[in-house]
Protein chains: 2
Amino acid sequence: MKDTTLKEIATKLGISITTVSKALKNYPDVSAKTKQAVIDLAQNLHYTPNSFAVNLRTKESKTIGLIIPTLVHDFFSNVIQGILEEAEKRDYLVIILQSNEKFEFEKKQIDLLLNKRVDGILMSLSNETDEFEHLKTILSHNTPLVLFDKIAKLVNCSKVTINDRKAAYDAVSYLIKKGYKKIAHFRGSYLPQNSIDRFLGYKKALEDNNIAYDSSLVFVCENNPDFEDGYANAKKVVNEHPEIDAIFAVTDLVAVGIIKYCNEVGIAIPTQIAVFGFSNWFMSSVISPKLSTIDQPGFEIGRKSASILFDEINLKKNNSPVIFQSIELGTSIIEREST
Amino acid sequence: MKDTTLKEIATKLGISITTVSKALKNYPDVSAKTKQAVIDLAQNLHYTPNSFAVNLRTKESKTIGLIIPTLVHDFFSNVIQGILEEAEKRDYLVIILQSNEKFEFEKKQIDLLLNKRVDGILMSLSNETDEFEHLKTILSHNTPLVLFDKIAKLVNCSKVTINDRKAAYDAVSYLIKKGYKKIAHFRGSYLPQNSIDRFLGYKKALEDNNIAYDSSLVFVCENNPDFEDGYANAKKVVNEHPEIDAIFAVTDLVAVGIIKYCNEVGIAIPTQIAVFGFSNWFMSSVISPKLSTIDQPGFEIGRKSASILFDEINLKKNNSPVIFQSIELGTSIIEREST
DNA sequence: TTGTAGGCGTTATCAG
DNA sequence: CTGATAACGCCTACAA
């Protein structure tokens, strides 16, 4: 089935392409008669505008790009859902790319999206990313960019995050109030802003409660942070630091690793050791013991990021000035069985 | 920063657009000198071809579409990863859409992708889908289509699945061999092929082992199937059918729901009741007790589906005949603590 | 070796 | 109210 074009409709009706185009776009200066004829024929022939041609003319693709570190990830999956929902409302399509936490991939993928001439880009940075020239490339192309979750504070664009520092502070304060005294932290790798902020929140909470910060109680999750990190570090803690009575993990996945290790070797949670996560993955509510954690609104983060991006795309189209926003969405403590 | 075009390079160099184009595409009939000059300038000006124009000329978008029922889903996330990996190899981008298990959305999304003129479409059908005209629309547009996981047997296109019936048969046979006698099945909704096949595998295994099939031991998961289905049906089973000693669930998520209920009310797994899942979600290896299940190779399913799709896209481009494939990938039993 | 011309399908301007 | 014309940026016969 060949695709119908304006030209075909025009010749079949013995009128000009221009008129057909106008009729279909409901221009006022076409007679009701011709308009109707055009519309009818277009419907019969299943006419749909050739998006390639439209893109070329209008210089927009009605498509945005999304780069995330990992797909198999409860939090990011929820973010994507939020983005897709918002995109659908505005008749936009979303191209999704995965950086795999690699800076090099991230860079390449930005180029791909820019070459594709997407109308805007949404990104959460990889854990390796410590310089931001590639982000500036996006801006220099005048392509709207919104960062979320793992952001670069110094890059001049809109951002959607939670207040990681405060959330971590709340979590650790909660543990302290519960009576835990030796609280370890399994932190994320050194670069991502959210990992830094969660660490700082942890530290601040200790200090504000007159507990000396002890760097030997902080363990770095080298990998992603991943389940394995939690498992391996839990082992270390149990053997080398029996005095520890609680662990604040940078992520639920890490926390689940801790729980698994403790379950395997028969360490009682929370009586011997308490575990606190971060993100509120679905999994956390079904493991035993159920994990106390911070609820991080992934879906909302996705929606808000997309919504800001679309606003910026529209402003740009009207040559209106764009004011970058930094949005912080709220979090809350979910108390369950592990603390 | 305005985008560089062939024209700009041409005028700056005082040569024709044609020559520039040829030089950049490494045509043999351009002098080494001019070629070099063009390439150098192109690099300086950061020339990249305008994909809108290329699309229009070549009539291909170097983009494929993917429609899946749900994103927040371990299995589908893995499928997507496989697809993205394969797409990246071939310099293709992927537009992802979520049908939310709704037939109407699925239909609309097909139209979106077709209008976008993607070069091919990958799909797993929604649970509601029971007629396939919309899929035929794809084929009538001459757009390659590959179905995976939840497929329509009657539609004439390539398919990638596992052998759901055999996998279910294996699972239930395993339970029987383990000595379980009253085995219930929490099945998926009535339409999806994989839900039907898993049910049939369950039934066949019973029959082949001289256990009378009892329809009152089969419970339908109305929702997705979802965690809640498992939880609610487990409650029913425990109260109304205390004779049941094992449950074969259509999905890990359902199985996890069962486990959660049993844990809450103090029913011992597997001694009082055994639980067997399907899919091998990550979660299943970290809950307590760890879930026995069927390993379903999501990543491979994604890779294979994409790979077939790209092959068909290429064949079509060369006007070569396409032979549709139906691939079945292998599964295996993962024995853990719940059985 | 280089360049001219036409076209991909649509939209916008401007004249009739 | 209608249509001719040009342009978006690139590609490719075909000429020169």
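By convention in this document, chain letters (A, B, ...) are assigned in the order of the sequence lines, proteins followed by strands, and residues within each chain are numbered from 1.
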Q: Are A/Lys22 and A/Asp29 within salt-bridge range, i.e. N to O under 4.0 Å?
A: yes

Q: List in numerical order all residues of residues 22-35 of chain B for which some heavy atom is under 4.0 Å away from an atom belonging to DNA chain C.
A: B/Lys22, B/Asp29, B/Val30, B/Ser31, B/Thr34

Q: Side-chain donor-acceptor pairs under 3.5 Å in residues 297-311 of chain A, sequence neighbours left out?
A:
unit_1: A/Arg303; atom_1: NH1; unit_2: A/Glu85; atom_2: OE2; d: 3.3
unit_1: A/Ser305; atom_1: OG; unit_2: A/Ile301; atom_2: O; d: 2.6
unit_1: A/Asp311; atom_1: OD1; unit_2: A/Arg90; atom_2: NH1; d: 3.4

Q: Measure the distance from CZ on A/Arg57 to P on D/dC8 and round it to the nearest whole Å.
A: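 Roughly 8 Å, once rounded to whole Å.
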
Q: With no hydrogens and no angle check, just 3.5 Å: does a side-chain donor-acceptor pair link B/Thr18 and B/Ser21?
A: no

Q: Looking only at side-chain N and O atoms, does B/Gln98 offer a donor or acceptor that is under 3.5 Å from a partner on B/Thr70?
A: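 No pair is found: no donor N or O on one side chain lies under 3.5 Å from an acceptor on the other.
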
Q: One pair to check against side chain to side chain donor-acceptor pair (under 3.5 Å): A/Gln109 and A/Ser99. What are the steps and the verdict?
A: CA-CA 8 Å; A/Gln109 288 164 347; A/Ser99 70; 5.3 Å; no

Q: Calculate the interatomic distance between B/Tyr47 atom OH and D/dG9 atom P; express it in whole Å.
A: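 Checked: the OH to P distance equals 10 Å.
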
Q: Could you state the NZ-P distance from A/Lys59 to D/dA7, rounded to the nearest angstrom?
A: 13 Å

Q: Less than 4.0 Å between a side-chain N and a carboxylate O, is that true for A/Asp3 and B/Arg117?
A: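 Judged by the 4.0 Å cut-off on N to carboxylate O distance, B/Arg117 and A/Asp3 do form a salt bridge.
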
Q: Under 4.0 Å, heavy atom to any atom of DNA chain D: which of residues 109-120 of chain B qualify?
A: none

Q: For the residue pair B/Asp119 and B/Ser61, confirm or rule out a side-chain donor-acceptor distance under 3.5 Å.
A: yes

Q: Could you go through B/Lys35 and B/Asn26, starting from their C-alpha distance and side-chain angles, then the distance that decides it, and tell me whether this counts as side chain to side chain donor-acceptor pair (under 3.5 Å)?
A: CA-CA 8 Å; B/Lys35 189 181 290 184; B/Asn26 218 0; 3.0 Å; yes

Q: Which residues within residues 4-18 of chain A lie with some heavy atom under 4.0 Å of an atom in DNA chain D?
A: A/Ile15, A/Ser16, A/Thr18

Q: Sequence neighbours left out, what pairs pass ring-ring contact (aromatic ring centres under 6.0 Å, His included) with at least one residue falling in residues 104-125 of chain B?
A: none

Q: Does A/Thr143 form a side-chain contact (heavy atoms from CB on, under 4.5 Å) with A/Leu114? I'd like the steps, not just the answer.
A: CA-CA 8 Å; A/Thr143 301; A/Leu114 255 18; 3.9 Å; yes

Q: Between B/Lys150 and B/Glu101, is the closest basic N to carboxylate O distance under 4.0 Å?
A: yes

Q: Where does the chain B footprint on DNA chain C start and end, counting 5' to 3' with a 4.0 Å heavy-atom cut-off?
A: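 Contact span on the strand: C/dT1 to C/dG9.
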
Q: For B/Glu131, does the CD atom have more than 12 heavy-atom neighbours from other residues, nucleotides or ligands under 6.0 Å away?
A: yes

Q: Look at B/Glu60 together with B/Lys317 and state whether they make a salt bridge at an N to O cut-off of under 4.0 Å.
A: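 Answer for the salt bridge query: yes.
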
